[in-house]
Amino acid sequence: MKKNQDTKERLCAFYASDYHFEMMSLPYISKKIDEKDEVIILTENNLEQTIQTFLTKINLKEEKKRQILKLNWKNSQEEKLEEVRKKLQEQKNMIIFVKGKEEYIQKTNLKIEECLEEKNGIKIIDCYNIEEVGNNLNKIMEQYSKILKTTGEKEITKI
């Protein structure tokens, strides 16, 4: 297991539906699992059923599917925040997806900040529903330097 890096990084992502979020984030999640990073998904709604359905339709090894399903796709925020605290004490690198409406993302990020120390190897990926943010897309993207796409992390460039 890699030692906890002295960084905290924030990215954004945009999705159109739960399935779209899963399709977009799964290659990245799979890669991070391979790198032995901890992946935690804080979500406003329960994704357990949609991820199970999605995984039946894609070509992945059964072992990888089991690892992905073990991530806890439910909307059990307090339980997951406790897991964040524990993993930080273990000095593990962590990827935290925060998926939901803009208000949920803001409140959840405040709770995450309460758990964090000055130095840690944590990456927070705020995932916004594209229909909800609509005209505020550029305003939201100005708060981040990178965006998560299906192809991975990309620098945000001004248009």
Side-chain angles (χ1 to χ4, degrees), residues 7-33 35 37-58 60 64-89 92-117 120-156:
T7 60
K8 180 172 72 177
E9 188 176 5
R10 290 191 173 280
L11 287 82
C12 65
F14 299 93
Y15 64 92
S17 68
D18 290 343
Y19 288 112
H20 180 242
F21 166 75
E22 292 158 1
M23 181 176 22
M24 173 203 53
S25 62
L26 210 55
Y28 187 78
I29 290 171
S30 179
K31 177 183 170 194
K32 293 303 175 183
I33 288 172
E35 292 174 0
D37 287 345
E38 296 293 328
V39 179
I40 296 175
I41 300 161
L42 293 165
T43 177
E44 190 169 18
N45 61 319
N46 190 337
L47 299 175
E48 194 172 41
Q49 199 65 39
T50 56
I51 192 64
Q52 288 175 2
T53 302
F54 182 69
L55 288 175
T56 64
K57 299 178 187 296
I58 63 172
L60 269 182
K64 179 62 77 171
K65 288 181 182 181
R66 279 192 291 280
Q67 290 174 322
I68 290 167
L69 285 172
K70 281 176 44 177
L71 292 179
N72 186 355
W73 294 82
K74 296 178 184 178
N75 56 339
S76 53
Q77 185 176 19
E78 291 307 316
E79 177 184 317
K80 291 179 185 180
L81 287 171
E82 187 56 41
E83 188 177 343
V84 168
R85 286 182 194 93
K86 180 182 174 194
K87 300 296 181 190
L88 283 173
Q89 290 175 349
K92 295 188 176 187
N93 287 328
M94 198 176 328
I95 311 299
I96 301 175
F97 284 86
V98 181
K99 178 201 165 287
K101 294 181 180 170
E102 193 170 359
E103 182 179 348
Y104 172 82
I105 291 170
Q106 290 171 354
K107 287 181 179 179
T108 302
N109 275 311
L110 288 174
K111 290 180 180 182
I112 292 170
E113 289 297 326
E114 291 173 7
C115 300
L116 300 181
E117 304 163 357
N120 53 65
I122 190 165
K123 190 174 288 192
I124 300 170
I125 304 172
D126 294 331
C127 303
Y128 297 88
N129 183 319
I130 193 81
E131 289 181 24
E132 184 207 1
V133 296
N135 295 334
N136 293 331
L137 184 67
N138 287 334
K139 180 181 167 192
I140 289 171
M141 288 178 65
E142 287 173 358
Q143 301 171 40
Y144 303 88
S145 60
K146 290 184 180 178
I147 186 169
L148 180 66
K149 297 183 174 188
T150 307
T151 55
E153 295 178 24
K154 303 292 177 196
E155 293 289 329
I156 295 175

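Since this is a predicted model, take the numbers as computed values, not measurements.
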query: Are Lys80 and Glu83 close enough for a salt bridge, meaning some N to O gap below 4.0 Å?
result: no
Check your understanding: Do Met94 and Val84 have side-chain heavy atoms sitting under 4.5 Å apart?
Key -> yes
- Item | Student check: side-chain heavy atoms of Cys12 and Ile156 closer than 4.5 Å | yes
Sequence neighbours excluded, the answer for ring-ring contact (aromatic ring centres under 6.0 Å, His included) partners of Phe14 is Tyr128
One should read off an interatomic distance between Arg66 CZ and Leu60 CG, to the nearest 0.5 angstrom, of 12.0 Å
Margin query: With side chain to side chain contact (heavy atoms under 4.5 Å, CB included) as the criterion, how do Tyr19 and Lys57 come out once you've worked through the C-alpha distance, each side chain's angles and the decisive distance to 0.1 Å?
Written below: CA-CA 11 Å; Tyr19 288 112; Lys57 299 178 187 296; over 6 Å; no
Separation between CG (Leu137) and CD (Glu142), nearest 0.5 Å, reads 10.0 Å
Closest heavy-atom pair, Met24 versus Ala13, reported as atoms and distance to 0.1 Å, is CE-CB, 3.9 Å
d(Lys32 NZ, Glu38 CD) to nearest 0.5 Å is 13.0 Å
So NZ of Lys70 and CD1 of Ile33: to nearest 0.5 Å the spacing works out to 9.0 Å
List the steps, then state whether side chain to side chain contact (heavy atoms under 4.5 Å, CB included) holds for Lys123 with Asp37.
-> CA-CA 10 Å; Lys123 190 174 288 192; Asp37 287 345; over 6 Å; no
>> Between Thr108 and Asp126, is there a side-chain heavy-atom distance shorter than 4.5 Å?
In response: no
Original post:
Does Ile140 reach the side chain of Glu102, with side-chain heavy atoms less than 4.5 Å apart?
Top reply: yes
Between Leu42 and Tyr104, the two heavy atoms sitting closest are C-OH, 3.5 Å
Taking 4.0 angstrom as the limit, do Arg85 and Glu82 come out as a salt bridge? yes
**Prompt:** NZ of Lys65: more than 12 outside heavy atoms within 6.0 angstrom?
**Reply:** yes
task: Evaluate the side-chain proximity of Thr43 to Trp73: yes if any heavy-atom separation is below 4.5 Å, no if none is.
output: no
Task: Short side-chain donor-acceptor distance under 3.5 Å, Lys99 and Asn45 - done: yes
Q) Is any side-chain heavy atom of Ile51 closer than 4.5 Å to a side-chain heavy atom of Leu71? A) no
Heavy-atom side-chain contact between Asn129 and Tyr15 under 4.5 Å: yes
ask   = Does some side-chain heavy atom of Ile112 sit less than 4.5 Å from a side-chain heavy atom of Leu81?
value = yes
Open item on the list: Would the distance check show the side chain of Thr53 and the main-chain N or O of Gln49 forming a donor-acceptor pair, the cut-off being under 3.5 Å?
Closed with: yes
Open item on the list: Looking at Gln143, I'd like to know if its CD atom is crowded, meaning that more than 12 non-hydrogen atoms belonging to other residues, nucleotides or ligands lie closer than 6.0 Å.
Closed with: yes
Output for pair (Glu78 CD, Ser76 OG), nearest 0.5 Å, gives 9.5 Å
- Could you please spell out the steps behind the side chain to side chain contact (heavy atoms under 4.5 Å, CB included) verdict for Met23 and His20? CA-CA 5 Å; Met23 181 176 22; His20 180 242; 4.2 Å; yes
Rounding to 0.5 Å, atoms OG1 (Thr50) and CD (Glu22) come to a distance of 3.5 Å
Is any NZ, NE, NH1 or NH2 atom of the basic residue among Glu153 and Lys146 found under 4.0 Å from an Asp or Glu carboxylate oxygen of the other? yes
